[in-house]
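A short worksheet on the structure shown next.
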Amino acid sequence: MKKLDIEAAFQKKFGTTCLIVRSPGRVNLIGEHTDYNNGFVLPAAIDKAAYVAIAKRTDNKVVMYATAFNQDFEISLKEIKTTTLGWPNYILGVIDQIQKTGVELGGCNLLIDGDIPIGAGLSSSAALECATLFAFNELFGLQFTRIQMAFMAQKAEHDFAGVHCGLMDMFASLFGKKDHVIKLDCRSLEYEYVPLDIKGYKILLLNTNVKHQLSSSEYNTRRIQCEQGITWIQQQEPTVNSLRDATIEMLEKYVLPKDILIYNRCKYVVEENIRLISACADLENGNIEALGKKMFATHEGLKSLYEVSCPELDFLVDQVKGHPAVLGARMMGGGFGGCTINIVKEEAIESLVTMLEPLYEKHTQKRLSHYIASIEAGTSML
Ligand code: GLA
């Protein structure tokens with residue numbers, strides 16, 4: 001159905017047929033803020049996705065239309081640069097990356113659609129970047145591999161959105177596999193699909209509907225703080241290249257005496273890597289209870305040590321803690337808003353949400369939305 005709707009919308013807008021690419025958003029079970037520290041992550045692609053429909057033009061223009069905003073944007077391929085309009089930057093950043101490889105593109109029309117809630121921490125921007133790259137790759141026969149596209153999308157985000165993100169979101173969108181999470185080693189790029197076998201339980205996302213202005217600048221600050229910690233350790237232990245190689249003892253010896261804030265940031269990352277490794281073993285052994293406990297511990301670290309949570313996220317995690325149907329919950333993604341990820345017994349979801357909605361609204365004066373995420377395959381043509 002989605003395909004027919006998009007084809008019809010494209011035909012109406014541009015008067016031709018098109019190629020359509022779907023690229024999903026993602027969840028991350030555990031392993032937060034570890035990707036840019038060379039650690040592990042455990043994401044999965046979900047049933048919500050960005051869609052890019054594309055067809056060639058005969059001139060040198062890129063003409064795009066976003067259904068969500070009912071907005072058009074037009075630019076010449078020779079003048080690709082950021083715009084104040086917002087959403088076109090994800091497409092422009094991708095075109096910029098492609099052109100930087102030396103490829104000559106021709107003009108094209110693009111229609112952007114999707115159902116990933118924006119600003120919810122489900123990586124709508126990475127999904128859009130990956131969908132756009134995949135669409136250009138198909139239309140112009142560019143032959144980029146998925147891993148090349150993941151790196152290009154990441155760079156597009158750095159250069160055109162100003163967020164110095166890691167690789168997790170793009171990797172999850174491009175490499176997702178139905179009913180599996182991806183255990184990705186962000187240092188070696190080795191990855192393994194782990195079956196998400198949580199019988200009787202579902203992944204419930206609770207959206208705070210909060211997106212703090214500070215989220216991008218604070219994100220970039222966290223990266224710098226981690227790098228500072230590494231620099232101090234390296235002065236004594238030159239073989240340590242990232243927080244992946246650091247230990248709590250090293251942090252106590254070389255970072256704590258210099259700056260407690262940097263110590264806290266680094267401590268969270270080192271602990272989170274350890275947690276992820278044992279969470280993977282929990283998943284493989286079918287011990288979802290133990291995995292859930294680690295999710296709560298991750299939230300505590302993100303809140304108190306890494307300080308990327310916010311009162312609305314904390315409220316939602318506190319409310320479900322100790323609830324008999326909830327095995328684990330934590331804030332997910334970069335932080336400062338977005339969703340919590342919860343592992344909840346399927347038959348209890350409705351009553352849990354009914355209980356939480358009025359409480360959340362009363363406490364925060366904001367609306368609570370929820371989604372049950374199913375785990376789907378990565379980027380593909382429709
Ligand atoms: C954002 C970034 C990712 C990752 C997470 C935190 O989603 O885009 O690269 O760092 O935050 O784990």
Side-chain angles (χ1 to χ4, degrees), residues 23-46 48 50 89-90 93 116-130 150-176 181-187 189 191 205 207-208 211-212 214-227 242-244 265-266 268-273 275-276 279 294-295 298-299 301-303 305-310 313 330-341 373:
S23 201
R26 62 104 189 87
V27 290
N28 184 26
L29 269 195
I30 197 160
E32 216 65 90
H33 288 276
T34 43
D35 58 353
Y36 54 85
N37 284 304
N38 270 350
F40 290 93
V41 287
L42 205 59
I46 58 172
K48 294 195 179 291
N89 285 319
Y90 301 108
I116 309 174
I118 295 170
L122 303 179
S123 295
S124 57
S125 58
L128 177 53
E129 287 150 353
C130 293
F151 279 114
M152 289 163 79
Q154 182 193 18
K155 194 75 183 27
E157 180 89 19
H158 289 194
D159 292 355
F160 275 60
V163 181
H164 296 155
C165 63
L167 193 66
M168 169 171 74
D169 305 345
M170 292 78 189
F171 197 96
S173 193
L174 283 157
F175 286 84
V181 293
I182 311 169
K183 181 184 174 192
L184 170 65
D185 179 338
C186 298
R187 179 167 64 188
L189 298 179
Y191 62 98
L205 302 171
N207 189 352
T208 58
K211 180 168 170 47
H212 287 290
L214 280 176
S215 58
S216 317
S217 61
E218 286 293 322
Y219 184 92
N220 294 345
T221 305
R222 293 300 176 282
R223 270 197 92 139
I224 295 169
Q225 289 168 332
C226 292
E227 280 155 22
S242 66
L243 288 177
R244 164 75 173 274
R265 304 295 192 244
C266 297
Y268 161 75
V269 173
V270 171
E271 287 179 347
E272 180 70 350
N273 256 326
R275 258 194 300 271
L276 185 136
K294 294 188 178 84
M295 291 169 71
T298 292
H299 185 80
L302 288 164
K303 174 186 165 188
L305 296 173
Y306 217 61
E307 296 184 283
V308 291
S309 188
C310 65
L313 288 165
R330 64 178 192 82
M331 58 146 280
M332 189 179 71
F336 302 101
C339 289
T340 61
I341 175 170

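Order of listing sets the numbers, starting from 1, for every ligand and every atom in it. As the structure is a prediction and not an experimental result, all values here were calculated from the model.
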query: Does Lys155 have any salt bridge (charged side-chain N to carboxylate O under 4.0 Å, His left out) partners at least two apart in sequence or in another chain, and if so, which?
result: Asp159
query: Is any N or O atom of Asn28, backbone or side chain, closer than 3.5 Å to an N or O atom of ligand 1?
result: no
field: Side chain, backbone, both or neither: Arg26 near ligand 1, heavy atoms under 4.0 Å
entry: side chain
message: Test your reading of the structure: does Gly166 have an N or O sitting under 3.5 Å from an N or O of ligand 1?
response: yes
query: Quick one: are the ring centres of Tyr191 and Phe171 less than 6.0 Å apart?
result: yes
message: Could you check whether any side-chain N or O of Asp169 sits under 3.5 Å from a backbone N or O of Arg26, counting only pairs where one atom can act as donor and the other as acceptor?
response: no
- line: Counting from 1 in the order shown, the ligand 1 atoms closer than 4.0 Å to a non-hydrogen atom of Gly333 are 6 (C), 11 (O)
query: Short list, please: which atoms of ligand 1 are under 4.0 Å from a heavy atom of Cys165?
result: 2 (C), 8 (O), 9 (O)
Sole candidate of Asp185, Asn37, Thr34 that passes side-chain hydrogen bond (donor to acceptor under 3.5 Å, both in side chains) when paired with Arg244: Asp185
field: Residues Glu218 and Arg222 bridged, charged N to O under 4.0 Å
entry: yes
- prompt: Short list, please: which atoms of ligand 1 are under 4.0 Å from a heavy atom of Met168?
  reply: 4 (C), 5 (C), 12 (O)
message: Which residue and atom name correspond to the protein heavy atom nearest atom 8 (O) of ligand 1, and how close is it?
response: Asp169 OD2, 2.6 Å
query: Has ligand 1 got any nitrogen or oxygen that is less than 3.5 angstrom from a nitrogen or oxygen of Tyr219?
result: yes
message: Under a 4.0 angstrom heavy-atom cut-off, which atoms of ligand 1 come close to His33?
response: 6 (C), 12 (O)
message: Does ligand 1 come near enough to Tyr36 that some N or O of the ligand is less than 3.5 Å from an N or O of the residue?
response: no
- request: Please state whether the rings of His33 and Tyr36 are parallel, tilted or perpendicular, taking 30° and 60° as the class boundaries.
  value: perpendicular
- prompt: If we only count N/O pairs under 3.5 Å, is Leu167 in contact with ligand 1?
  reply: no
Any donor-acceptor N/O pair, Arg275 side chain to Gly31 backbone, under 3.5 Å: no
- prompt: Nearest to atom 3 (C) of ligand 1, what protein heavy atom do you find, and at what distance?
  reply: Asp35 OD2, 3.3 Å
query: Who are the salt bridge (charged side-chain N to carboxylate O under 4.0 Å, His left out) partners of Glu32, not counting sequence neighbours?
result: Arg330
